[in-house]
Peer 1: 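Here it is: the structure, laid out below.
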Amino acid sequence: MSDSAEAAGVLGRAAALERAARAGSGWYGRYLGVFAVGQLVLVPMALLWHGPAAAAVFAVVNTAMVTGLSVYAARQRVIRRGFGLRHGLVIGVWAVAFAAAVVLGSTVFTDHVGFAAVAALVCALPAALGARSELRGAP
């Protein structure tokens, strides 16, 4: 086989691999979308419900969401370049927003429905923006 034929074969396999990677890389956008929707339920639950039963329900719902998303992510075959940094940034911003919402909701805005609604939107925003960016194919 000539060098040019061998090179063409390697380039063809590389192009096929790239197509497969691009076709399978939309999973993270869906992952973040589900996470964002989950925040619209979990944040008001954390801020407005009180007592041991509320804590148990919150823990079960949150654990189910995180477990489901983790299993979904673990089954994916393609991880985009820069995934770790992007995921760390999205989850880091979410963690700061969630911590601020819980602290303010527990001290200043106790049982305030309006604050809980705004906090839910703010906590969903990092994941929603990440999902939008990912689904649009931005690097």
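What you see below is based on every heavy atom in this structure, not just the backbone, and it leaves out hydrogens, waters and symmetry mates. This is a predicted model, so every value here is computed, not measured.
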Peer 1: Rounded to the nearest 0.5 Å, what separates atom CD in Gln39 from atom CH2 in Trp94?
Peer 2: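 So the CD of Gln39 and the CH2 of Trp94 are separated by 5.5 Å.
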Peer 1: Transitively linked via ILVMFWY side-chain contacts under 4.5 Å: Ile91 with Val102?
Peer 2: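 Yes; tracing contacts between hydrophobic side chains, which count when under 4.5 Å, links both residues.
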Peer 1: Which heavy atom of Leu47 sits nearest a heavy atom of Asp111, and at what distance?
Peer 2: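 Answer, listing the atom of Leu47 first, then Asp111: O-OD1, 4.2 Å.
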Peer 1: For the residue pair Val122 and Pro126, what are the closest heavy atoms and their distance?
Peer 2: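 So the minimum-distance heavy-atom pair works out to O-CD, 3.2 Å.
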Peer 1: Scan side-chain atoms only and decide if Arg86 and Tyr28 contain a donor-acceptor pair under the 3.5 Å cut-off.
Peer 2: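 No, because no side-chain N or O of Arg86 sits under 3.5 Å from a partner of the opposite role on Tyr28.
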Peer 1: Relative to the ring of Phe115, is the ring of Phe109 parallel (under 30°), tilted (30 to 60°) or perpendicular (over 60°)?
Peer 2: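 The rings of Phe109 and Phe115 lie parallel, inter-plane angle below 30°.
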Peer 1: Would you kindly confirm whether Leu104 and Leu48 end up in one hydrophobic cluster when ILVMFWY residues are joined by side chain heavy atoms under 4.5 Å apart?
Peer 2: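 Shared cluster, yes.
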Peer 1: Provide the closest heavy-atom pair for Cys123 versus Ala101 in the form atom of the first, atom of the second, distance.
Peer 2: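 Taking Cys123 first and Ala101 second, the nearest heavy atoms are SG-CB, 4.1 Å.
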Peer 1: Give the cluster check for Trp49 versus Val108: same hydrophobic cluster or not, with ILVMFWY residues linked at side-chain heavy-atom distances below 4.5 Å.
Peer 2: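 Yes, Trp49 and Val108 fall within the same hydrophobic cluster.
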Peer 1: Check for me, please, whether Ile79 and Leu69 land in the same ILVMFWY cluster - side-chain distances under 4.5 Å, paths through other members count.
Peer 2: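 Yes, because Ile79 and Leu69 connect within a single hydrophobic cluster, where side-chain heavy atoms sit under 4.5 Å apart.
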Peer 1: Could you check if a side-chain atom of Met45 sits within less than 4.5 angstrom of a side-chain atom of Asn62, using non-hydrogen atoms only?
Peer 2: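 No. Closest side-chain heavy atoms not under 4.5 Å.
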Peer 1: What's the shortest heavy-atom distance between Gly130 and Val90, and which atoms?
Peer 2: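 The answer is CA-CG2, 4.5 Å.
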Peer 1: Do the non-hydrogen side-chain atoms of Leu40 and Leu121 ever get within less than 4.5 Å of each other?
Peer 2: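 With C-beta onward as the side chain, the pair touches.
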Peer 1: Please find the pair of heavy atoms, one from Gly33 and one from Ala131, that lie closest to each other, and give the distance.
Peer 2: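 The answer is N-CB, 3.8 Å.
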Peer 1: Hey, quick one: are Leu32 and Leu129 part of the same hydrophobic cluster, counting side-chain heavy atoms closer than 4.5 Å, chains of contacts allowed?
Peer 2: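 As far as the 4.5 Å side-chain criterion goes, Leu129 and Leu32 are not connected within one cluster.
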Peer 1: Can you tell me how far OG1 of Thr63 sits from CZ of Phe58, rounded to the nearest 0.5 angstrom?
Peer 2: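 Nearest 0.5 Å value for the CZ-OG1 distance: 9.0 Å.
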Peer 1: How are the rings of Trp27 and Tyr31 set to each other: parallel, tilted or perpendicular (split at 30° and 60°)?
Peer 2: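 If you compare the ring of Trp27 with that of Tyr31, the planes turn out perpendicular.
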